[in-house]
There are 2 protein chains.
Amino acid sequence: MSHISRPVKAVNTPSRGDPPHGDKRSERWRGHRQARRAEFVEATVRAIGHHGAEVGMDDIAAEAGVSKPVLYRHFSDKGDLYLAVGEWGTDLLMQRIGPTLDESGSIHQRIRRIVSAYLGVIEEYPELYRFVVRRNFADRPVQTDPVTTEKTVIANSLSRLLGEYMRALELDSGGVEAWSHGLVGMVQASGDWWLDRQSMSREDLTDYLTRIIWFAIDGVLRSGGIVIDPDEPLELGPDLRAVTGEGAEDVGEQAHRG
Amino acid sequence: MSHISRPVKAVNTPSRGDPPHGDKRSERWRGHRQARRAEFVEATVRAIGHHGAEVGMDDIAAEAGVSKPVLYRHFSDKGDLYLAVGEWGTDLLMQRIGPTLDESGSIHQRIRRIVSAYLGVIEEYPELYRFVVRRNFADRPVQTDPVTTEKTVIANSLSRLLGEYMRALELDSGGVEAWSHGLVGMVQASGDWWLDRQSMSREDLTDYLTRIIWFAIDGVLRSGGIVIDPDEPLELGPDLRAVTGEGAEDVGEQAHRG
DNA sequence: GGTAGCTGTTACTAGAAGTAACACGCAATT
DNA sequence: AATTGCGTGTTACTTCTAGTAACAGCTACC
């Protein structure tokens, strides 16, 4: 056991409002704690891979090579760990989605790439997916529920993106938030269903979802008198280009930068 | 305690492949058991109302005026009870939706009524909703998960409905299943979000959802070269009328009959 | 040296799901 | 009338897992 003695240099968390101790013995561990959390999250992901979505804390601790109390020093409880795992998954997803946002392409292609990235991730980590998305924690207040949180993050960034588009095109943006959550839910539900009974190829499902998502968006645009060809390369004004940059950046902390 | 002594006459379960005992002492209880299950399910719903979605089996038993083991004679385990509660909710929903299917009206109106019924139910029983929908049971195989089951039931009947429409209109129906699950998920996710932060009226959300659902369906139809006015009263051939009857009937056992 | 803040352990508690074992009541069978 | 099948109900247990207590050691700052 090469324990201890690795306070890991920097890690950029410049100033999160902690009390100004003056004593540098607390400062020193900042980065270390983050690294440790990450380490445990990864162990959890591995444990889920081995044991399935029903892993217990003991299994996770074992996978991480420590005993339970150590885990509980870094995560207040199971929900907290789950939340972190959820974030891990979201980050992964955003890493896959992020780059595709910078690529040019038609709307169809853009939607397709996002959907495809999502389905790719859940196909790659089915157990993790079930652990994070299919499992809920009713014993915790809704606001802190990992799934809700993560879905909200994604839906919010979609909201922001769509909202900017809508406002730029001078359309009523009142429904944007509901639609965003709805679309996210649609993709999730479809993926969920697909994962259980893989009755069609990923490509096919991607196609179908892309189409219906586009139809939904197109309908909103049409009702505002705007018609866009989904297969034409998308022309973005500087405003909207900025938007896509913001939407992605805001979510996948470590991703790209336009 | 007016216990025992109520084997309830008939209840139509004509022949579910039980061993042919010949002894009528087993026959006698058939109906009673069903009635008892229903009774416990209702007690569970009440208990959820009092204690919130985190109710324990003890609470439920107490609410029903019995002790735990009695509960376990009628439900193999918690998941089984949850499944039954889910069915109760689905039945309720179908009772609300069912009648609206027989009413005439434009597509917009029809979609609207269904969405509105759904939102009405979850608004009326928020805790029950959270209990059933937001809570999942990862400790059980996916196939038997209450939520999945109930969503599948709804999505399947939608599938059947849409599929018949599509085939009647000679369009590719390959995506119907995915779309159905997606649409169901969309409504659920939106309702979920709305329930947590009621940032708009139920009417508004109903409008927005109705619009986007119609847009999605309209897109599919348009891509097949068919254009329908969503505000025109819907003309149904005899085939399709039969379909709507079947789709609903298949789900809400006790509902109407065209 | 003293102390802060980690490292780690074993062995416990707490609470909820689910079970065992027992006693009673009714009605069909014998 | 007695037996027997299938319910009624109970209290008190076991089991499982999240979470905790209590203890001991290492390293770096003061």
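Only heavy atoms go into these numbers, but all of them, side chains included; no hydrogens, no water, no symmetry mates.
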Can you tell me the distance, in whole Å, between the [atom1] atom of [X] and the [atom2] atom of [N]?
{"X": "D59(B)", "N": "dA17(C)", "atom1": "CG", "atom2": "C1'", "result": "13 Å"}
{"X": "D77(A)", "N": "dT17(D)", "atom1": "CG", "atom2": "C1'", "result": "14 Å"}
{"X": "F40(B)", "N": "dG9(D)", "atom1": "CZ", "atom2": "C1'", "result": "10 Å"}
{"X": "H51(A)", "N": "dT17(D)", "atom1": "NE2", "atom2": "P", "result": "11 Å"}
{"X": "D58(B)", "N": "dA14(C)", "atom1": "CG", "atom2": "C1'", "result": "14 Å"}
{"X": "Y72(B)", "N": "dA20(C)", "atom1": "OH", "atom2": "P", "result": "13 Å"}
{"X": "R33(A)", "N": "dA4(C)", "atom1": "CZ", "atom2": "P", "result": "17 Å"}
{"X": "L71(B)", "N": "dT10(D)", "atom1": "CG", "atom2": "C1'", "result": "14 Å"}

| field | S67(B) side chain near dT10(D) phosphate (N/O to OP1/OP2, under 4.0 Å) | value |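 Affirmative; the distance criterion is met.
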| task | Using only side-chain N and O atoms of H74(A), determine if any of them is under 4.0 Å from OP1 or OP2 of dG5(C). | result |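 For H74(A), the contact criterion (side-chain N or O under 4.0 Å from OP1 or OP2 of dG5(C)) is not met.
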| message | Are D196(A) and R130(A) packed together at the side-chain level, in the sense that at least one heavy-atom pair is separated by less than 4.5 angstrom? | response | yes
| said: By nearest heavy atom, map M57(A) and P69(A) onto DNA chain D; which one lands nearer the 5' end? | reply: M57(A)
| request: For the side chain of K78(B), starting at C-beta, report the closest nucleotide among dG9(D), dA17(C), dT10(D). | output: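 Of dG9(D), dA17(C), dT10(D), dA17(C) is nearest to the side chain of K78(B).
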| message | Consider side chain to side chain contact (heavy atoms under 4.5 Å, CB included). Of L183(A), I154(A), T152(A), V176(A), which one does S159(A) pass it with? | response | V176(A)
| task | Report the C-alpha distance between Y72(A) and K68(A) in whole Å, list the side-chain angles of each, state the deciding distance to 0.1 Å, and finish with yes or no for side chain to side chain donor-acceptor pair (under 3.5 Å). | result | CA-CA 6 Å; Y72(A) 280 97; K68(A) 255 192 309 178; 6.0 Å; no
| task | Give me the ring orientation class for H181(A) and W193(B): parallel if the planes are under 30° apart, tilted from 30 to 60°, perpendicular past 60°. | result | parallel
| field | Under-3.5 Å donor-acceptor pair between K68(B) side chain and dG18(C) base | value | yes
| field | base_contact_polar (dG9(D) base, R73(B) side chain, donor-acceptor, <3.5 Å) | value | yes
| message | Using the ring centroid of each side chain, check whether F75(B) and Y82(B) are separated by less than 6.0 Å. | response |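 Distance test on ring centres: not under 6.0 Å, no.
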